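Contents: one structure, followed by commentary.
In what follows, every heavy atom counts, from backbone to side chain, and hydrogens, waters and symmetry copies are set aside. Just so we're clear, the structure is a prediction, and the values are computed from it rather than from any experiment.
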Amino acid sequence: MGKIGKEKKVKLIIGMLTKDEQLFEETEDILKRQFKKIELASCIFAFDETEYYKEEFGEGLKRKFISFKKLILEGSISKIKVYTNSIEEKFSLSGKRRINIDPGYIGSGKLVLASTKDSYHRVYLNNGIYGECTLYFYKGEFREFPWTYPDFRKEEYKNFFLSVRKAYLKN
């Protein structure tokens, strides 16, 4: 019989998607009140790998990632997703989101994203939230699965995630 281990602490990351770059800053200000100091922030990337969000957001979407200095417990990611959904609602206009906020975490071996949508490759956590292992770390790099989102396959993203992982390992 395996020995039950303790819940691990991991590095919180937040991916944001919007047309209005000012919303990155406003959202970060709200998130800092909850999660304190932002440790790393990516540059702003063009988001043009899919048209999934076109109807809701329109064209010209941009993506940005941030990570926080303070570690979180893995199991808290579902509550964090519920919280970030409330921020999305705050910025919504006429029933349409103006920003998409996706929390996840990076540990030593993987990047996990939280989602409200079930699928064959996701596991139920709680609070109506599912977890998806989106990338895994192997032989010095992040690698994708068949279900990994097209934009998460980009080297620019993976390089940012490597920086977050490096900061995580220093803790």
Side-chain angles (χ1 to χ4, degrees), residues 7 9-107 110-135 147-154 156-157 160-161 164 168:
E7 185 176 13
K9 288 193 172 188
V10 290
K11 185 68 78 172
L12 174 63
I13 62 163
I14 304 279
M16 299 173 286
L17 192 62
T18 186
K19 285 175 28 174
D20 181 356
E21 290 185 27
Q22 178 65 31
L23 284 177
F24 288 140
E25 188 175 318
E26 292 177 38
T27 302
E28 288 173 32
D29 287 342
I30 293 168
L31 292 168
K32 283 190 285 190
R33 288 192 290 261
Q34 182 72 23
F35 304 111
K36 308 303 179 221
K37 185 178 186 325
I38 293 174
E39 185 171 39
L40 294 169
S42 74
C43 63
I44 296 173
F45 302 104
F47 182 83
D48 52 12
E49 291 76 19
T50 178
E51 294 191 358
Y52 181 82
Y53 294 102
K54 186 177 179 180
E55 186 177 326
E56 184 177 12
F57 289 92
E59 295 186 15
L61 286 172
K62 305 215 176 7
R63 163 83 81 185
K64 184 178 180 183
F65 294 99
I66 56 176
S67 71
F68 294 85
K69 178 86 174 145
K70 185 178 177 188
L71 299 180
I72 63 165
L73 291 171
E74 300 176 285
S76 66
I77 198 65
S78 63
K79 288 180 184 173
I80 293 169
K81 178 64 175 168
V82 170
Y83 173 70
T84 59
N85 277 11
S86 73
I87 298 170
E88 290 179 358
E89 286 179 27
K90 175 185 179 210
F91 287 118
S92 292
L93 288 175
S94 303
K96 289 191 174 187
R97 292 180 298 170
R98 295 175 48 226
I99 189 163
N100 178 40
I101 307 168
D102 291 320
Y105 64 80
I106 291 179
K110 63 188 170 236
L111 181 153
V112 173
L113 293 177
S115 177
T116 58
K117 297 177 267 322
D118 188 12
S119 190
Y120 72 94
H121 61 285
R122 295 182 179 146
V123 295
Y124 186 77
L125 301 174
N126 59 32
N127 301 311
I129 306 301
Y130 298 84
E132 171 188 297
C133 188
T134 301
L135 296 170
W147 56 80
T148 300
Y149 297 111
D151 60 323
F152 277 75
R153 297 171 181 265
K154 293 170 88 171
E156 300 87 26
Y157 286 25
F160 176 73
F161 301 145
V164 174
Y168 167 72

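- In summary, of the residues considered (Leu12, Ile106, Ile66), a side-chain contact (heavy atoms from CB on, under 4.5 Å) with Val164 occurs for Ile106 alone.
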(request) Evaluate the side-chain contact (heavy atoms from CB on, under 4.5 Å) criterion for residues Lys9 and Leu73: first the C-alpha distance (whole Å), next the side-chain angles of each, then the deciding distance (0.1 Å), finally the verdict. (result) CA-CA 4 Å; Lys9 288 193 172 188; Leu73 291 171; 3.8 Å; yes
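- Considering every non-hydrogen atom in both Phe45 and Glu156, the closest pair reads CE2-CB, 3.4 Å.
- Rounding to the nearest 0.5 Å gives a distance of 7.5 Å between CG of Leu111 and SG of Cys133.
- Rounded to the nearest 0.5 Å, atoms CG (Leu125) and NZ (Lys79) are 12.5 Å apart.
- Side-chain contact check for Lys69 versus Ile38: every heavy-atom pair is 4.5 Å or farther apart.
- Of the possible polar contacts, none joining the Lys19 side chain to the Lys62 backbone as a donor-acceptor pair under 3.5 Å is found.
- Shown here for Asn127 and Ser78, the closest heavy-atom pair between the two residues is ND2-OG, 3.3 Å.
- A donor-acceptor pair under 3.5 Å is formed between the side chain of Asp20 and the backbone N or O of Gln22.
- The minimum heavy-atom distance linking Arg153 with Trp147 is given by the pair NH2-N, 4.4 Å.
- Of the inter-residue distances, the one linking Ile129 atom CD1 with Ile77 atom CD1 reads 9.5 Å to the nearest 0.5 angstrom.
- Side-chain N or O atoms of Glu7 include one that pairs as donor or acceptor with a backbone N or O of Gly75 at under 3.5 Å.
- Other residues, nucleotides and ligands contribute at most 12 non-hydrogen atoms within 6.0 Å of the CD atom of Glu25.
- Taken to the nearest 0.5 Å, the CG atom of Leu23 stands 12.0 Å off from the NZ atom of Lys64.
- Closest non-hydrogen pair, Arg122 versus Tyr149, comes out as NH2-OH, 2.6 Å.
- For Lys90 against Ile30, the heavy-atom pair with the smallest separation is NZ-CD1, 3.6 Å.
- By the 4.5 Å heavy-atom criterion applied to side chains, Thr27 and Phe91 are counted as neighbours.
- Between Lys11 and Leu71, the closest side-chain pair of non-hydrogen atoms falls below 4.5 Å.
- Between Phe152 and Phe65, the ring centre distance stays below 6.0 Å.
- Taken to the nearest 0.5 Å, the NZ atom of Lys70 stands 14.5 Å off from the NZ atom of Lys37.
- Side chain of Thr18 to backbone of Arg98: a donor-acceptor contact under 3.5 angstrom is found.
- Ion pair Asp151/Lys154 not flagged as a salt bridge, since none of the NZ, NE, NH1 or NH2 atoms sits closer than 4.0 Å to an Asp/Glu carboxylate oxygen.
- Contact check on Lys96 versus Glu56 returns no salt bridge, with no Lys/Arg side-chain nitrogen under 4.0 Å from an Asp/Glu carboxylate oxygen.
- By the 30° and 60° cut-offs, the orientation of the rings of Phe161 relative to Tyr157 is perpendicular.
- Separating the CD atom in Glu88 from the CE atom in Met16 is a distance of 11.5 Å, to the nearest 0.5 Å.
- Using a 4.5 Å heavy-atom cutoff, the side chains of Leu31 and Thr84 are in contact.
- Phe57 and Leu17 make their closest contact through CE2-O, 4.2 Å (heavy atoms, listed as atom of the first residue, atom of the second, distance).
- When atom types are taken as modelled, the side chain of Glu74 and the backbone of Val10 share no donor-acceptor pair closer than 3.5 angstrom.
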